[in-house]
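Report on the structure given below.
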Amino acid sequence: MIKEACVETISQIEHAIKNGANRIELCDNLSVGGTTPSYGMVKIAVELCHQHNVEVAVMIRPRGGDFNYNYFEYEIMRQDILQLKDLKVDAFVFGCLDEHGHLDEWKMKALKETCGIIHAVCHMAFDSINPYHQLKSLDWLIKHQFSRLLTHGGPSDSVIFDNINHLGKLLIYSKGNITIMPGGGLNKDNLSQLIEDIPFDEVHGTKIV
């Protein structure tokens with residue numbers, strides 16, 4: 001099982017590596033759900049993690065708040081990917097919704113193409129999509145070869161263990177064509193409770209190790 005630790009500082013990276021994290025998701029401003037870290041932070045994080053065979057996924061998000069980005073915000077995201085992709089990042093993590101709360105397919109496709117051969121991951125913006133439209137959105141992510149979906153399985157203020165049924169539905173529907181990675185409220189103490197219900201291959205959290 002891959003444990004992805006969500007971090008924003010060098011000391012948190014060192015702690016994650018020491019305690020067995022297989023991958024870090026590198027963010028800034030976790031107090032607002034995470035934004036894009038600086039070039040220097042990404043460079044040092046990649047060098048440090050790769051020495052220990054730990055992968056680095058980088059958050060691409062220009063601000064906190066909702067996920068409906070205007071053209072300038074989208075262009076910031078695209079430029080950040082262009083600049084950071086030369087640092088041997090293992091994945092980029094992003095999510096864009098339109099004014100109706102659906103997946104913004106144009107922006108998502110353009111950002112995925114900007115990633116080139118680097119893995120693209122859709123983050124918990126997915127959880128803001130109406131559940132009745134989520135399977136269609138999952139089909140789209142699979143079609144466009146996104147590697148993973150980070151999801152809480154429900155609203156951000158819900159308890160992840162109350163979303164087990166929906167997480168299982170996403171996992172079964174995906175048929176292994178995209179990794180379903182649960183996160184949001186998971187930690188090293190309650191992880192076994194989740195895995196007993198559904199044996200996920202990858203898990204995510206700020207205190208996952």
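Counting from 1, the numbers follow the sequence of the chain as shown. If you're wondering where the values come from, they're calculated on a predicted model, not measured in any experiment.
Counting only distance, with no hydrogens or angles, the side chain of Glu8 and the backbone of Leu30 share a donor-acceptor pair below 3.5 Å. Side-chain atoms of Glu73 come within 3.5 Å of backbone atoms of Asn70 as a donor-acceptor pair (strictly under, hydrogens ignored). Although no hydrogens or angles enter the test, the distance criterion places a donor-acceptor pair under 3.5 Å between the side chain of Gln12 and the main chain of Thr9.
Here the straight-line distance linking atom CG of Leu97 with atom OG of Ser137 works out to 8.5 Å at 0.5 Å rounding. Atom CZ of residue Arg61 and atom SG of residue Cys27 lie 9.0 Å apart, to the nearest 0.5 angstrom. Between Asp80 atom CG and Phe92 atom CZ the span is 9.0 Å, to the nearest 0.5 Å. The CG atom of Leu141 sits 11.0 Å away from atom OG of Ser174, with the distance rounded to the nearest 0.5 Å. Taking CZ of Arg63 as the reference point, atom CD1 of Ile76 lies at 9.5 Å (rounded to 0.5 Å). The structure places CD1 of Ile81 at 5.0 Å from CD1 of Ile60, a figure rounded to the nearest 0.5 Å.
Between the side chains of His166 and Gln134, at least one donor-acceptor pair of N or O atoms lies under 3.5 Å. No side-chain donor from either of Glu47 and Gln51 sits under 3.5 Å from a side-chain acceptor of the other.
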Decide yes or no on side-chain hydrogen bond (donor to acceptor under 3.5 Å, both in side chains) for Gln79 and Glu75, but give the supporting numbers first. CA-CA 6 Å; Gln79 292 293 334; Glu75 185 60 18; 2.8 Å; yes

Test side chain to side chain contact (heavy atoms under 4.5 Å, CB included) on Leu87 and Tyr39; report intermediate values, then the result. CA-CA 9 Å; Leu87 297 179; Tyr39 181 92; 3.4 Å; yes

For a side chain to side chain contact (heavy atoms under 4.5 Å, CB included) check, start with the C-alpha distance between Ile180 and Leu138, then their side-chain angles and the critical distance, and finish with the verdict. CA-CA 10 Å; Ile180 306 298; Leu138 189 58; 4.2 Å; yes

Report the C-alpha distance between Leu135 and Leu170 in whole Å, list the side-chain angles of each, state the deciding distance to 0.1 Å, and finish with yes or no for side chain to side chain contact (heavy atoms under 4.5 Å, CB included). CA-CA 7 Å; Leu135 295 185; Leu170 294 172; 4.0 Å; yes

Output, in order, the C-alpha distance, side-chain angles, deciding distance and verdict of side chain to side chain contact (heavy atoms under 4.5 Å, CB included) for Leu48 and Ile17. CA-CA 9 Å; Leu48 178 60; Ile17 292 172; 4.1 Å; yes

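Closest of all the heavy-atom pairs between Lys112 and Ala120 is CD-CB, 3.3 Å. Looking at every heavy atom in both residues, Ile24 comes nearest to Ala16 through CG2-CB, 4.3 Å. Minimum interatomic distance between Ala5 and Val209 (heavy atoms only, all atoms of both residues): CB-CG2, 4.5 Å. In terms of heavy-atom proximity, Gly95 sits nearest to His123 at N-NE2, 3.2 Å. The shortest heavy-atom contact between Cys122 and Phe146 is N-CD2, 3.9 Å. The two residues His152 and Gly183 make their nearest non-hydrogen contact at ND1-O, 3.0 Å.
Leu26 places a side-chain heavy atom less than 4.5 Å from the side chain of Ile13. Within the 4.5 Å cutoff, no side-chain heavy atoms of Phe200 are placed close to those of Leu186. The shortest distance between side-chain heavy atoms of Asn163 and Asp127 does not fall below 4.5 Å. Within the 4.5 Å cutoff, no side-chain heavy atoms of Thr114 are placed close to those of Met77. Taking 4.5 Å as the limit, some side-chain heavy atom of Leu150 sits within range of a side-chain heavy atom of Glu25. Looking at Cys115 and Phe94, their side chains come closer than 4.5 Å, going by heavy atoms from C-beta outward. Contact check for Ile164 versus Leu194: side-chain heavy atoms found under the 4.5 Å cut-off. Between Asp139 and Tyr173 the shortest side-chain heavy-atom distance falls below 4.5 Å.
By the 30° and 60° cut-offs, the orientation of the rings of His133 relative to His102 is perpendicular. Below 30°, between 30° and 60°, or above 60°: for Tyr69 and Phe67 the angle between ring planes is above 60°, a perpendicular geometry.
In this structure, Lys85 places its NZ atom where more than 12 heavy-atom neighbours from other residues, nucleotides or ligands lie under 6.0 Å away. Within 6.0 Å of atom NE2 in His144, more than 12 heavy atoms from other residues, nucleotides or ligands are found, so the atom counts as buried in its surroundings.
Residues passing the salt bridge (charged side-chain N to carboxylate O under 4.0 Å, His left out) test with Lys136: none are found, sequence neighbours excluded. Annotation: salt bridge (charged side-chain N to carboxylate O under 4.0 Å, His left out) contacts of Lys107 (sequence neighbours excluded): Asp104.
Residues Val203 and Ile160 share a single hydrophobic cluster, defined by chaining ILVMFWY side chains whose heavy atoms lie under 4.5 Å apart. When the side chains of ILVMFWY residues are joined at heavy-atom separations under 4.5 Å, either directly or via intervening members, Leu171 and Met1 end up in a single hydrophobic cluster. Both Val89 and Leu111 are members of a single hydrophobic cluster when ILVMFWY side chains are connected at heavy-atom separations under 4.5 Å. Under the 4.5 Å side-chain heavy-atom criterion for ILVMFWY residues, a single connected hydrophobic cluster contains both Ile208 and Val159. Hydrophobic clustering, with ILVMFWY side chains joined whenever heavy atoms are under 4.5 angstrom apart, groups Val7 together with Val54.
Under a 4.0 Å N-O distance rule, the pair Lys18/Glu14 does not qualify as a salt bridge.
For residues 197-209, the side-chain hydrogen bond (donor to acceptor under 3.5 Å, both in side chains) pairs, not counting sequence neighbours, are Glu4-His204, Arg23-Glu202.
Screening Val93, Leu84, Asp28 for a side-chain contact (heavy atoms from CB on, under 4.5 Å) with Thr36, the sole residue that qualifies is Leu84.
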